[in-house]
Amino acid sequence: MEAPQRNLAMDLVRVTEAAALASARWLGKGAKNEGDGAAVDAMRLSFNSLDIDGRIVIGEGEKDEAPMLFNGEHVGTGRGAAVDVAVDPVEGTNLLAYGRPNAISVVGLAPAGAMFDPGPSYYMKKLVVPMAAKDVVDINAPVADNLLATARALGKKVEDLVIFVLDKPRHKDLIAQIRTAGARIQLHTDGDVAGALMAVDPASNVDMMMGTGGTPEGVLAACAIKALGGQILAQLDPQSPEERDSVVHYGLNLEDILTTDTLIRDDNVFFAATGISGGTFLGGVQYTSTGAITHSMVVRGKTGTFRRIISTHQLDKLLQFSAIKY
């Protein structure tokens, strides 16, 4: 038996709160780069206080031409556990820029070497279901079969299901198949980390996520899915000949079926997310006369503990000494 150990997710939530508070000032201003930059600066400064020896596996990356929080960068004081780090300071930069729901700030940690490295892969086909349906779905099965299997596992009818799908031209056929099968759909312009989290959150009305989205986002979401006992099935899905060639040259197999356990190969995983723009999933940053209120979720894989945290921040006090621009 063990005494209670440190829950790094409780430290991570301070990182996501800082990024959310900094970026929320740009809500609806149509300036996604400025909003993302504010979150990156705040998140990077916040990592400096964490006693971890972290290496970023999922970062802002080459795709975003990031000056910090890039893939391979080391974060933390270097004095703690060696960990792989996945970050997205603003998941849904367009959502933030245009004031749309479900922009969030997210961070995941796993023991060093446990996190799948997607290399130059930007896109993957995904299927995400909650714990009750984790053993009944197959990413290569017909859409209708997966919907029926999931409905049965959840004790529902197919027409009761709500499926999260990104509203992209590539999903025209998928959307048609879901509608033909009789399930309901939530179409979102962006934010497939949030969509994956909704699919495994018992409090959400989303039952399943389907379709092609970001590969880094899939690995990041897998941190929370692993902790919550759900399932993500994925297959790399390059959207251009250049991406396909890069992925193959990197040594990744386009035929491999990736699962929660291959994306995150250790149960000792930590995850935190804080809402920025608000929505049905996580409340957004609310400014008050003296500060701000944030809404977060934190998850620890080893224990399966899931917390929702509402924090009140006294910005007048913080701004007297903080290097972060809130």
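Numbers here simply count residues along the sequence, with the first being 1.
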Please table the atom pairs, donor to acceptor, closer than 3.5 Å between any side-chain atom in residues 8-28 and protein atoms at least two apart or in another chain.
unit_1, atom_1, unit_2, atom_2, d
Asp11, OD2, Arg6, NE, 2.9
Asp11, OD2, Arg6, NH2, 2.6
Thr16, OG1, Val13, O, 3.1
Thr16, OG1, Thr274, OG1, 2.7
Glu17, OE2, Ser311, OG, 2.7
Ser23, OG, Ala19, O, 2.9
Ser23, OG, Ala20, O, 3.4
Arg25, NE, Tyr326, O, 2.8
Arg25, NH2, Tyr326, O, 3.4

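Side-chain atoms of Asp84 come within 3.5 Å of backbone atoms of Met115 as a donor-acceptor pair (strictly under, hydrogens ignored). Here the side chain of Arg265 pairs a donor or acceptor atom with the backbone of Gly113 at under 3.5 angstrom. At distances below 3.5 Å, at least one donor-acceptor pair connects side-chain atoms of Asp160 with backbone N or O atoms of Lys157. Using modelled atom types, one side-chain atom of Gln231 and one backbone atom of Thr260 make a donor-acceptor pair closer than 3.5 Å. Distance alone, capped at 3.5 Å, places no donor-acceptor pair between the Asp207 side chain and the Val129 backbone. Side chain of Thr150 to backbone of Asn146: a donor-acceptor contact under 3.5 angstrom is found. Put simply, the side chain of Ser277 gets close to the backbone of Ala103: a donor and an acceptor are under 3.5 Å apart. Not one N or O on the side chain of Asp36 forms a donor-acceptor pair closer than 3.5 Å with the backbone of Thr93. At distances below 3.5 Å, not a single donor-acceptor pair connects side-chain atoms of Lys125 with backbone N or O atoms of Met210. In this structure, Lys302 contributes its side chain and Asp267 its backbone to no donor-acceptor pair below 3.5 Å.
Side-chain N/O atoms of Gln320 and Asp316 include no donor and acceptor closer than 3.5 Å. No hydrogens or angles considered: a donor-acceptor pair under 3.5 Å links the side chains of Thr212 and Asp237.
With rounding to the nearest 0.5 Å, the separation of CG in Asp201 from OG1 in Thr280 is 10.0 Å. The line from CG of Leu96 to CG of Asp190 is 11.0 Å long, rounded to the nearest 0.5 Å. The CD atom of Glu243 sits 6.5 Å away from atom OG1 of Thr215, with the distance rounded to the nearest 0.5 Å. We find the CZ-CG distance between Arg184 and Leu161 to be 8.0 Å, quoted to the nearest 0.5 Å. With values rounded to the nearest 0.5 angstrom, Ser240 atom OG is found 9.0 Å from Tyr123 atom OH.
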| request: Before giving the answer on side-chain contact (heavy atoms from CB on, under 4.5 Å), spell out for Ile293 and His313 the whole-Å C-alpha distance, their side-chain angles and the decisive distance to 0.1 Å. | output: CA-CA 6 Å; Ile293 298 170; His313 307 267; 6.0 Å; no
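Under the 4.5 Å side-chain criterion, counting only non-hydrogen atoms from C-beta, Glu60 is in contact with Val40. Between Val299 and Lys226 the shortest side-chain heavy-atom distance does not fall below 4.5 Å. Leu50 is not listed as a side-chain neighbour of Val75, based on a closest heavy-atom distance of 4.5 Å or more.
A salt bridge is defined here as a Lys NZ or Arg NE, NH1 or NH2 lying under 4.0 Å from an Asp or Glu carboxylate O, and Arg79 with Asp53 fails to meet this definition.
Sorted by first then second residue, the ring-ring contact (aromatic ring centres under 6.0 Å, His included) pairs that include residues 185-231, not counting sequence neighbours, are Phe164-His188.
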